[in-house]
Participant: 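The structure follows.
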Amino acid sequence: MVREHGEVRPRVGVSACLLGEPVRYDGGHKRQPWSEALADEVEWVRVCPEVELGLGVPRETIQLEARGDDVALVATETRRELTEAMRTWACERAEALAAEGLDGYVFKARSPSCGWGTTPVVGSAAARDGLFAEAVRRRFPSLPVADEETLADAPARETFRRKVCAHRELRALFHPGWTRGEAVDFHTKRKLLLMAHSPQAYAELGSWVGRMAAVEPEEFERRYVELFLRALGEEATPGRHANALAHAAGYFSQSLPPQERNELTAATEALGRGEGDLEALKARILAAARQFGQTYLEQQLYLAPSKSR
């Protein structure tokens, strides 16, 4: 994703133990090897629900237990019930995070407070969210999220990073009082980017932007964010890159001499087969766009040099 005008890094919530803070029940931590690499891209917002709730370090373990259609959060030794205290704190903490501005969250897998769909429940075969993660899901339905097990996979980590950066851009777009003109300009500059990641979402977003005047601003924002993040969550394959660049070349290809046109077509087809240099081909198309005065292509963030994206 492109960062415009030197904007600040995205803010990402994280279970504090994953960054090496000794906040676990036994005084330990679960530092992850990817945490320092991502720290160059994001600003971490550290949270430990158990410590912030006042349970201390070290502390007895806690677990979720089935209670009819719901669950209870219970201390395993003293049987102290913490459900309402945690849910009350979690809602308040989620609101505080909303006020600070979040663009993503990394949870501790299987934690009774932070598990994202992975927390075991005593008395049930089904895993679920921890109670803090539950509050975050409710407060931030479109927020990019992951846990440390997901981020151990390099491609999944890049997808998460990409979506977090996209969320930051969308938050900047949909500021209080945003205008239709701003939304159209934002979308127009990212058309090739969307096409390269998800032709289907690209088409759906184009249709949705076309309907902007007929829907309420809140509904437009909600759906646009959902579709945009879905698009950036898909991998830009060689074939999709080639499709986007062939589409771009169509704006000026007839102005090229036949030999140059054939060379550009061959280079695009080779890229689709997984051959060739993507950045070099983008630079070639951007140079031609400037040569032939194709302003629409010149403003495409997808074609910007990689160091500015």
Side-chain angles (χ1 to χ4, degrees), residues 11-32 34-35 38 42-152 156 160 164 167:
R11 305 191 78 231
V12 177
V14 61
S15 294
C17 63
L18 301 179
L19 300 187
E21 292 194 10
V23 292
R24 285 176 59 79
Y25 72 95
D26 57 0
H29 62 77
K30 289 289 183 179
R31 179 185 291 277
Q32 299 298 305
W34 43 257
S35 61
L38 279 179
V42 308
E43 177 187 347
W44 292 120
V45 179
R46 304 166 187 237
V47 179
C48 178
E50 287 91 340
V51 170
E52 293 188 28
L53 189 61
L55 300 184
V57 178
R59 57 184 176 271
E60 63 178 309
T61 57
I62 56 177
Q63 64 188 21
L64 292 183
E65 299 179 1
R67 295 286 174 83
D69 294 331
D70 200 1
V71 294
L73 181 64
V74 180
T76 55
E77 296 176 15
T78 62
R79 303 302 298 163
R80 177 185 174 193
E81 184 143 343
L82 300 164
T83 314
E84 292 308 314
M86 178 63 80
R87 280 187 164 146
T88 298
W89 173 87
C91 288
E92 293 173 353
R93 191 67 168 97
E95 286 301 322
L97 290 170
E100 295 181 37
L102 280 190
D103 298 301
Y105 211 106
V106 182
F107 289 102
K108 176 69 187 75
R110 293 183 295 281
S111 161
S113 61
C114 294
W116 188 259
T118 60
T119 303
V121 179
V122 176
S124 172
R128 55 157 289 152
D129 291 344
L131 296 193
F132 175 58
E134 174 186 69
V136 171
R137 186 190 294 272
R138 184 167 53 248
R139 183 61 181 81
F140 305 99
S142 297
L143 193 70
V145 297
D147 62 29
E148 82 279 14
E149 294 177 348
T150 300
L151 296 187
F160 177 72
V164 162
H167 192 277

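In this chain, residues are counted from 1 in sequence order. Basis for what follows: all heavy atoms, side chains included, without hydrogens, waters or symmetry-related copies.
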Participant: Look at the side chain of S35 and the backbone N and O of Q32, then say whether any donor-acceptor pair between them is shorter than 3.5 Å.
Facilitator: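 The answer is yes, because a donor-acceptor pair under 3.5 Å joins these two groups.
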Participant: Relative to each other, are the rings of W89 and F132 parallel, tilted or perpendicular (30° and 60° limits)?
Facilitator: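 Rings of W89 and F132: tilted, 30 to 60°.
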Participant: Output the distance between atom OG1 (T119) and atom CG (L131), rounded to the nearest 0.5 Å.
Facilitator: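 That separation rounds to 8.5 Å.
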Participant: Name each donor-acceptor pair under 3.5 Å that joins a side chain in residues 12-26 to protein atoms two or more places apart or in another chain, with its distance.
Facilitator:
residue	atom	partner	partner atom	Å
S15	OG	K108	N	3.1
E21	OE2	R46	NH1	2.9
D26	OD1	G28	N	3.0

Participant: Quick one, V136 and F107 - any side-chain contact, counting heavy atoms below 4.5 Å?
Facilitator: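 Yes. Closest side-chain heavy atoms under 4.5 Å.
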Participant: Within a 6.0 Å radius of atom CZ on R80, are there more than 12 heavy atoms belonging to other residues, nucleotides or ligands?
Facilitator: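 Count not over threshold, so no.
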Participant: Quick one, M86 and P112 - any side-chain contact, counting heavy atoms below 4.5 Å?
Facilitator: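 They are not in contact (no side-chain heavy atoms under 4.5 Å apart), so the answer is no.
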Participant: So which atom in D147 and which in T150 form the shortest heavy-atom distance, rounded to 0.1 Å?
Facilitator: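 In this case the closest contact between D147 and T150 is OD1-N, 2.9 Å.
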Participant: Among residues at least two apart in sequence or on other chains, which ones pass ring pair (Phe, Tyr, Trp, His ring centres under 6.0 Å) with F160?
Facilitator: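 With sequence neighbours excluded, F160 shows a ring pair (Phe, Tyr, Trp, His ring centres under 6.0 Å) to no residue whatsoever.
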Participant: Give a yes or no on whether the backbone of T76 and the side-chain of T61 come within a donor-acceptor separation of less than 3.5 Å.
Facilitator: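 No, because the side chain of T61 does not come within donor-acceptor range (under 3.5 Å) of the backbone of T76.
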Participant: If I compare all heavy atoms of H167 with all of L102, which pair ends up nearest, and what's the gap?
Facilitator: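 What the structure gives for the nearest pair is CE1-O, 3.2 Å.
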Participant: Indicate the atoms forming the closest heavy-atom contact of A135 with C91, along with that distance.
Facilitator: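 Smallest interatomic distance, heavy atoms only, reads CB-N, 4.2 Å.
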Participant: Indicate the atoms forming the closest heavy-atom contact of V71 with T83, along with that distance.
Facilitator: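 Closest approach of V71 to T83, heavy atoms only: O-CG2, 3.8 Å.
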Participant: Going by the rule side chain to side chain donor-acceptor pair (under 3.5 Å), which residues pair with E84 if we only count those two or more places apart in sequence or in a different chain?
Facilitator: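 E84: no side chain to side chain donor-acceptor pair (under 3.5 Å) contacts found.
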Participant: Which heavy atom of A72 sits nearest to which heavy atom of E81, and what is that distance?
Facilitator: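 Minimum heavy-atom separation between A72 and E81: CB-OE2, 3.7 Å.
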Participant: Find the distance between CZ (R11) and CG (L97) and round it off to the nearest 0.5 Å.
Facilitator: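 These two atoms lie 8.5 Å from each other.
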Participant: With a 4.5 Å limit on heavy-atom distance, are the side chains of R79 and E65 in contact?
Facilitator: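 Yes - at least one pair of side-chain heavy atoms lies under 4.5 Å apart.
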Participant: Test salt bridge (Lys or Arg N to Asp or Glu O under 4.0 Å) on R138 and D129 and set out the steps.
Facilitator: CA-CA 11 Å; R138 184 167 53 248; D129 291 344; over 6 Å; no
Participant: Might you point out which heavy atoms bring G27 and V57 nearest each other, and give the distance in Å?
Facilitator: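 In terms of heavy atoms, the two residues are closest at CA-CG1, 3.6 Å.
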Participant: What distance separates L82 CG from L64 CG, expressed to the nearest 0.5 Å?
Facilitator: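 Nearest 0.5 Å value for the CG-CG distance: 10.5 Å.
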Participant: Before accepting this row, confirm whether a basic side-chain N of the pair K30/E148 lies closer than 4.0 Å to the acidic partner's carboxylate O.
Facilitator: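 Between E148 and K30 there is no salt bridge, as every charged N stays at least 4.0 Å from the carboxylate O atoms.
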Participant: Using a 3.5 Å distance criterion without hydrogens, assess whether the side chain of E77 forms a donor-acceptor pair with backbone atoms of A75.
Facilitator: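 Pair absent, no side-chain N/O of E77 close to backbone of A75.
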